[in-house]
Asks: 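Quick one: the structure is below, questions incoming.
For ligands, and for the atoms within them, numbers begin at 1 and follow the listed sequence.
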Amino acid sequence: MPSLACTLYEPAEPLLAAQTGGAAAYDLLIRGGHVIDPSQGLSAQTDVAIRQGKVARLAADIAESEARQVLDARKMIVTPGLVDIHVHVYDGVAPLGIPADPNCIAKGATSVVDAGSSGAHTFPGFRQYVVRLVETRVYALLNISVVGQSTLSSGNPFGELLDLRYANPALAIRTIEQNRDVILGVKIRLSRNIAGENDLRALGLAREAADAVGLPLMVHIGGTYSPLPKILAMLKAGDLVTHTYHGHEGGILDDHDRVLPEVRRAVENGVMLDVGHGAGSFAFRTAEKAFSQGVLPGTISSDVHQGNVNGPVYDLATTLSKFLHLGISLEEVIKRATSNPAKALAFPSGTGSLKEGATADAAVFELREAPWEMVDSMREKRAGKWRLRPVATVKAGRVYGNSVIPVYE
Ligand SMILES: [Zn+2]
């Protein structure tokens, strides 16, 4: 068994108390927390009782004596396990990959989607050496390029679609058909250093693969050869745009900082706007301008990888904290990292929810009120006030700690 050092993060240690005595009705009780579960419109102090890996009961006051173990979540926020639909965890193969467990499940994200690190040639290794071995529930969007994201690094600035012959719908379709339990869609990156002038042709090939398997397409925008409206015109309901609030050319704003009408039309047509913060893809300025015009993200993802895990992204919780600063309520922020992403892709039912009967994946956070300096991908700063700090994670009723003590700026 691969091991995440799954001891509880130190300050949380006394929170978990083993109960002794007679046969308990529940295996675990998450007690006294403020539960925010947008999948059932819940935001209230509630206890969560878990039995055999499933949520057994939600109620205001469940006796500790009814459970074998108690996780004391008083003064904490309890959410469904976070769902991060843009991460890179093909550690050792994609140069930007990082290990999944210390960066995902240990930080409250129980289900994550690796967005295109692997392509048809490298997916079997991803399945074998990542998905199968880690504790985090890892899914994938398959890169339309057979080599996935194995070519581009700071020492080799040549992306996976500069040679369009690597975009192979037939092999992508075959790989997806054989791995539908893990692969939830197709990924393509269209920046100039990745696709050169091939962006629209490459997108056409990704479109072909996604349509053939009936799954959504996630499109990475920013710094593209073709203008954004031409890219958006090729998207359909259910597709996702990631890096929506990037600060480079080819963005969602016109020269007068107005949201492009084509962006609004895409959203009306069912295209999902995803955040994908990343190292170069989230600008406070773009988000502030867009939010003031009512263009909010459908999903908030981190794009956490080698180039940003030590800042400015750190983890999904830190990204969520930035959206609190931008004026989105805690409930609406949590919705965009639980029930919304769960709806956006075909996860197993119950993902992103604490409804009775759902798999008992949960996350416990401290919502700390303390000044902190938030940094975006353009190195612009904002003065933050609230910060979500992961304290403990529960996967199928088992408690995981925060194995890596976060080192924040
Ligand atoms: Zn990415």
Asks: Under the rule for side-chain contact (heavy atoms from CB on, under 4.5 Å), what residues qualify as partners of Thr286, not counting sequence neighbours?
Replies: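 Thr286 satisfies side-chain contact (heavy atoms from CB on, under 4.5 Å) with Tyr245, Ile252, Leu253, Ala283 only.
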Asks: Run through His86, His248, His277, His243 and flag the one making a ring pair (Phe, Tyr, Trp, His ring centres under 6.0 Å) with Phe282.
Replies: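 In the set His86, His248, His277, His243, the residue that makes a ring pair (Phe, Tyr, Trp, His ring centres under 6.0 Å) with Phe282 is His277.
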Asks: Look at Asp211 together with Lys236 and state whether they make a salt bridge at an N to O cut-off of under 4.0 Å.
Replies: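 Answer for the salt bridge query: yes.
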Asks: State, yes or no, whether a side-chain contact exists between Tyr90 and Pro95 at a heavy-atom distance under 4.5 Å.
Replies: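 Side-chain contact under 4.5 Å: no.
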Asks: Given side chains that start at C-beta, do those of Gln306 and His88 come closer than 4.5 Å, heavy atoms only?
Replies: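 Counting from C-beta outward, Gln306 and His88 never come under 4.5 Å.
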Asks: Would you say the side-chain atoms of Asp37 and Ser39 include a donor-acceptor pair closer than 3.5 Å?
Replies: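 Yes.
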Asks: Give the total of protein N/O/S atoms at a distance below 2.8 Å from the Zn ion (ligand 1).
Replies: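 Every protein N, O or S atom under 2.8 Å from the Zn ion (ligand 1) counted, the figure is 3.
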